[in-house]
**Q** 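Got a structure for you, questions after.
Note that the structure is predicted; figures quoted are calculated from it, not measured.
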Amino acid sequence: MRTVIIVCFVFTVYLIYHGHSQENSTDDLLGQDSMIEFSKQDFVNENETVGNNGNSILPESLNETCTITETIGTYYCYCLIDKKHSGLWDFAAIRKWIVNSNYEFQFDLKCVNFSKIALPWPIKAKNIDFVRVKSCTITGFFTDYGNPYIETISDHLRVMDISNSIVLMLLKTVNQKNSEDEIIDAGSNMIANIRELDHRCSYNELIGIDISSSTTRSRYFLSILIELSTFPKVTFFNLSNTGQTEITKEFKMWWRFFPKMELLDLSYNIISTIDLDPSAFTWSSFKIKIDLRYNNITELAQEDLELLGSLSNVNVDIRYNPIHCECSDHMIELLEIIHDDTKWEAMGLHRYDYLKNMTCNLPDILKGRKLSDITKSDILCPMFSASSPALIIVLSICILILIVIIILLTKFRKEIFILTYTRFHIILPCQPAEVSENKTYDAFVSYSSQDEEWVSKTFNELEVSSQSDGYHQFRFCLHHRDFVPGKTIFDNVIDSVESSRHTVIILSKHFLQSHYCMYEFHEAFQQSIIERKRHMVVVLMENIPEGELPTDLKRCLKTFTYIRRDDSIFKDRLIFAMSHKGRGKAKSNNKNTVTDGLDNPVFSSSEKDVTLRLETSRPRHDDSVITLSQIVPDLVVGHNESKSNGNTLA
């Protein structure tokens, strides 16, 4: 229902059956004497008055504001509505008053300072065939909507002319935002809903449409007006000064809707292209002029000239457009055609000789000069024009190389970061900064004893090579050489994880079968949560089916980037993952405390504080975190094994 209301509003307010260019046809309907009298009153002011004929042809409230002239079978009523009589002219009341009259009525309404009248759409009443409204505020526009009585009235109206007027609509709703949303939704669905309606409007007597000088229309207005309608006798359509940005589809193929069209006025808009349907040349039974003066056409391509020349029955006027005479392929082509009379005639452009006299708007050095007076040397083209084959080849190669570089940088950006750092000791600007941590080891290496030979060889070499290669000297915690004698294995694991910047997990099938290794993994995982950073580095020694991985390890492999042992740059990746790539200290309220960039203290600068944090940061063997029996059930001797302080003994 809301959509129908909007459609009705658009049709009624903006479709003016007789524009200013058709005043003479309106004069014939009113009669010459009446129009002479009306033209004398065309300009009125607030103090202007009209006579009162003292009859009861109209309601008594209108006797002071309307003058009635009688001709054969017709009452012509001219009403001047001033502030005193604002709101008294009511179409519904007049319709009821004259329902039994034997006369036809014609109403000419002129308002002073936009006084109000009540005029409900669709303006249907017996015996009223002409309504002209000028400079009024129209109220009650939807009061007849849904009125069953209106459907019983035959449509007598032949002429409706509403100009320079305001249609006042009041939207009442509890929630204003909901109302706005409903209106927007209705507008969005309007076209689709209209196309589903089983109707077609035929304006068989309409000869002209003038909806010029208004930029407030809906973007769907022309589609609503034209798509499901026919205009068999319309000869002109005035859309000048309406903010049009393009020649819409309805006018690209105008002959479908306006077979008698002679003038399409699109002047004083912001149209930038000549976009007409080339198939129009087949319709040789009509001739039409399309006025595109004073638009925003800045260039004319050869395709535009070919189109204009091929449409012998169409005359397009594009004078007074701001042509840009700067160097371009289109400009060079245009000048070649203008200076070649043979080509000009062959393209059928003899009807467009005015193009040669059009002047340049840009650049300033050529402003005001005629196109026919300009040569290619005047437009200051460089030695190699944009159409030069050599330049095109060079640019194509450069673009291709650039694309390849961009693809490589995008695909291998991580490898570039790594190799730039490990091979050239350069930290690229895009590398996230890291905060230094006062740790004993660079990494605690968690591995199965089955992999000890490879681990010992690999990490010993890294410690030695880091001294000579210019890196920060690595120091790794390997349990076969660095665990403290006398401590339990679990205390050694906790101390090693906490005193290392990273924990390197050497993930293999042997690792998964070791309860100690899994305990070390859980400690490293918990340390990652405490430090809120990527504490773990996973080295994948071999392909392991996903079904054999514990849930926590699956999650880690999806969250943390792991390194494959068989990677061609395995060593570089491992060095990059464990290296400290930034020495800047984050700001803190405590000048002796360095943060991890997340406003959480990581370590204190004093050795005492470091020791304290290592001793108190995590409960040891606490059952609420992980129990010994969960990690190393093989070491639990039996149900009667002694327990001390709630902790399972090793």
**Q** For residues N241 and S212, is any side-chain donor paired with an opposing acceptor at under 3.5 Å?
**A**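 The answer is no; no qualifying pair exists.
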
**Q** Got a donor-acceptor contact below 3.5 angstrom from the R95 side chain to the K124 backbone?
**A**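 Here the side-chain-to-backbone pair exists.
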
**Q** Tell me whether the rings of F258 and F237 are parallel (<30°), tilted (30 to 60°) or perpendicular (>60°).
**A**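 Answer is perpendicular, since the angle exceeds 60°.
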
**Q** Inspect the contact between K233 and E205 and indicate whether a charged nitrogen and a carboxylate oxygen are less than 4.0 angstrom apart.
**A**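 Salt bridge present between E205 and K233.
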
**Q** Can D317 and R319 be counted as an ion pair, charged N to O under 4.0 angstrom?
**A**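 Between R319 and D317 there is a salt bridge, with a charged N closer than 4.0 Å to a carboxylate O.
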
**Q** What is the distance from atom CG of L58 to atom SG of C77, rounded to the nearest 0.5 Å?
**A**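 SG of C77 is found 4.5 Å from CG of L58.
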
**Q** In terms of side-chain geometry, is the basic nitrogen of R256 or D277 positioned less than 4.0 Å from the acidic oxygen of its partner?
**A**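 No, R256 and D277 are not salt-bridged.
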
**Q** Keeping N269 on the side-chain end and T242 on the backbone end, is there a donor-acceptor pair under 3.5 Å?
**A**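 Between the backbone of T242 and the side chain of N269 there is a qualifying donor-acceptor contact (under 3.5 Å).
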
**Q** Side chains of D108 and Y76 only: does a donor on one sit below 3.5 Å from an acceptor on the other?
**A**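 Checked: D108/Y76 side chains pair up, N/O donor to acceptor below 3.5 Å.
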
**Q** Has H156 got a side-chain atom pairing as donor or acceptor with N127's backbone, closer than 3.5 angstrom?
**A**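 Side chain of H156 to backbone of N127, a donor-acceptor pair under 3.5 Å: yes, one is there.
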
**Q** Hey, are K96 and D90 close enough for a salt bridge, meaning a charged N less than 4.0 Å from a carboxylate O?
**A**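 Looking at D90 together with K96, the answer is no, because their closest N to O distance does not fall below 4.0 Å.
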
**Q** I'd like to know if the side chain of T65 reaches the main chain of L62, judged simply by a donor and an acceptor atom lying under 3.5 Å from each other, with no hydrogens or angles considered.
**A**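 A pair under 3.5 Å: no.
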
**Q** Does the side chain of T273 pick up a donor-acceptor pair with the side chain of E246 at under 3.5 Å?
**A**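 Looking only at side-chain atoms, E246 and T273 do not form any donor-acceptor pair under 3.5 Å.
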
**Q** Pairing donors with acceptors under 3.5 angstrom, does anything connect the side chains of D353 and W344?
**A**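 A donor-acceptor contact under 3.5 Å links the two side chains.
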
**Q** Would you give the length of the straight line joining atom CD1 of I406 to atom CG of L402, rounded to the nearest 0.5 angstrom?
**A**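 Answer rounded to 0.5 Å: 4.0 Å.
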
